Amino acid sequence: MPTEMGEYLVGAYLKLVLGCSVVDYNARPQGGGLQGLGELDVIGFDFVNRNVYLCEVTTHLDGLLIGGGGEATIAKLADKHARQKLYAERHLHLPDFNARFMFWSPVVRPGLVAPLRGIGFELFINSVYRDAIDELRELASSSTSDANNPAFRLLQILEHMREPTRE
């Protein structure tokens with residue numbers, strides 16, 4: 001599955017704000033079969049501080065819903081969080097790394113916030129998501145170098161546009 005723009009935004013945050021030196025998108029566990037079908041949207045490695053960020057990213061602009069109603073959404077996200085933890089246990093040689101399990105979504109309805117908290121994710125939703133993107137916009141406004149991330153490059157372009165001048 002191709003990387004989508006919301007995943008690139010999260011990757012930019014991991015790299016540019018949290019200091020990850022390696023960011024991977026749509027990572028699949030080794031071994032194939034049914035286990036290999038469950039991809040991890042974004043993984044960031046901060047080798048200096050020994051942190052790894054495993055991120056589930058859902059960019060539904062009209063509100064978070066996956067496969068039906070609220071209960072189905074929470075069940076699917078709980079399953080994805082379990083896959084994150086299993087991946088960390090099997091492939092990241094914990095406790096060599098401090099694993100952080102994140103969920104990113106720009107629009108989450110109020111009725112889903114408490115059940116999401118119960119899953120165990122570190123939540124980047126609604127205003128927290130917006131604040132993270134604002135941090136990226138601030139960085140983009142003071143940077144012109146290529147960060148090798150299409151979402152961050154778009155933010156740079158938008159932040160560097162000037163008012164039209166009359167000639």
Side-chain angles (χ1 to χ4, degrees), residues 1-20 22-30 32-46 51-92 97-140 147-155 158:
M1 173 178 252
T3 304
E4 64 101 27
M5 199 53 62
E7 293 167 346
Y8 281 124
L9 283 169
V10 171
Y13 187 86
L14 295 179
K15 182 176 182 179
L16 300 167
V17 175
L18 296 181
C20 291
V22 174
V23 176
D24 192 17
Y25 301 92
N26 302 309
R28 295 190 181 275
Q30 297 172 344
L34 290 177
Q35 183 178 339
L37 293 177
E39 69 185 20
L40 297 160
D41 293 333
V42 184
I43 303 174
F45 293 91
D46 171 3
N51 289 318
V52 61
Y53 304 89
L54 297 102
C55 304
E56 177 63 27
V57 181
T58 304
T59 311
H60 296 177
L61 299 179
D62 58 350
L64 172 68
L65 279 180
I66 303 171
E71 287 182 20
T73 297
I74 296 302
K76 286 186 183 274
L77 290 172
D79 180 59
K80 289 175 183 257
H81 180 57
R83 278 189 274 148
Q84 285 178 328
K85 290 179 7 184
L86 185 61
Y87 182 91
E89 290 168 8
R90 289 188 176 168
H91 302 288
L92 298 178
F97 283 96
N98 174 42
R100 291 175 58 184
F101 305 98
M102 298 176 164
F103 177 71
W104 291 75
S105 187
V107 182
V108 175
R109 292 172 178 90
L112 292 178
V113 173
L116 272 175
R117 282 197 178 104
I119 292 173
F121 287 117
E122 183 177 343
L123 298 179
F124 282 76
I125 61 172
N126 301 334
S127 63
V128 177
Y129 185 103
R130 186 187 61 240
D131 292 346
I133 301 309
D134 284 345
E135 283 185 77
L136 285 175
R137 290 179 64 193
E138 181 65 32
L139 286 171
N148 195 27
N149 180 296
F152 187 72
R153 189 62 174 170
L154 177 60
L155 291 175
L158 294 173

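Below, each value reflects all heavy atoms present in this structure, side chains not excepted, and no hydrogens, waters or symmetry copies. Note that the structure is a prediction, hence the values are computed from the model and not measured. Residues: numbered from 1 along the sequence shown.
Between Val52 and Leu54 the shortest side-chain heavy-atom distance falls below 4.5 Å. Between Glu56 and Leu77 there is a side-chain heavy-atom pair separated by less than 4.5 Å. Residues Asp41 and Trp104 are not in side-chain contact: their nearest non-hydrogen atoms beyond the backbone lie 4.5 Å or more apart. Ile43 places a side-chain heavy atom less than 4.5 Å from the side chain of Leu40.
In this structure Tyr8 satisfies the ring-ring contact (aromatic ring centres under 6.0 Å, His included) test together with Tyr25, sequence neighbours excluded. Phe152 pairs by the ring-ring contact (aromatic ring centres under 6.0 Å, His included) definition with nothing, not counting sequence neighbours.
Nearest heavy atom pair, residue Ala151 against residue Met5, reads CB-SD, 3.5 Å. Closest heavy-atom contact between Phe97 and Asp46: CE2-O, 4.4 Å. The nearest pair of heavy atoms linking Leu112 to Thr73 is CD1-CG2, 4.4 Å. Across all their heavy atoms, Val113 and Ile125 have their closest contact at CG2-CD1, 3.9 Å. Nearest approach of Gly44 to Cys20, heavy atoms of both residues: C-SG, 3.6 Å.
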For the pair Phe121 and Met102, evaluate side chain to side chain contact (heavy atoms under 4.5 Å, CB included) and give the outcome as yes or no after the intermediate values. CA-CA 5 Å; Phe121 287 117; Met102 298 176 164; 5.9 Å; no
Verdict with supporting geometry, Asn51 and Phe45, side chain to side chain contact (heavy atoms under 4.5 Å, CB included): CA-CA 6 Å; Asn51 289 318; Phe45 293 91; over 6 Å; no
Go through the steps for His81 and Phe101 under the test side chain to side chain contact (heavy atoms under 4.5 Å, CB included), then give the verdict. CA-CA 7 Å; His81 180 57; Phe101 305 98; 3.4 Å; yes
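Arg130 contributes atom CZ, which lies 11.0 Å from atom CZ of Arg137 (distance to the nearest 0.5 angstrom).
A side chain to side chain contact (heavy atoms under 4.5 Å, CB included) with Leu16 is found for exactly one of Leu139, Asn149, Val23, namely Leu139.
For CD of Glu138, the number of neighbouring non-hydrogen atoms (other residues, nucleotides, ligands) closer than 6.0 Å is 12 at most.
Checking side-chain atoms of Lys76 against main-chain N and O of Glu71 turns up no donor-acceptor pair under 3.5 Å.
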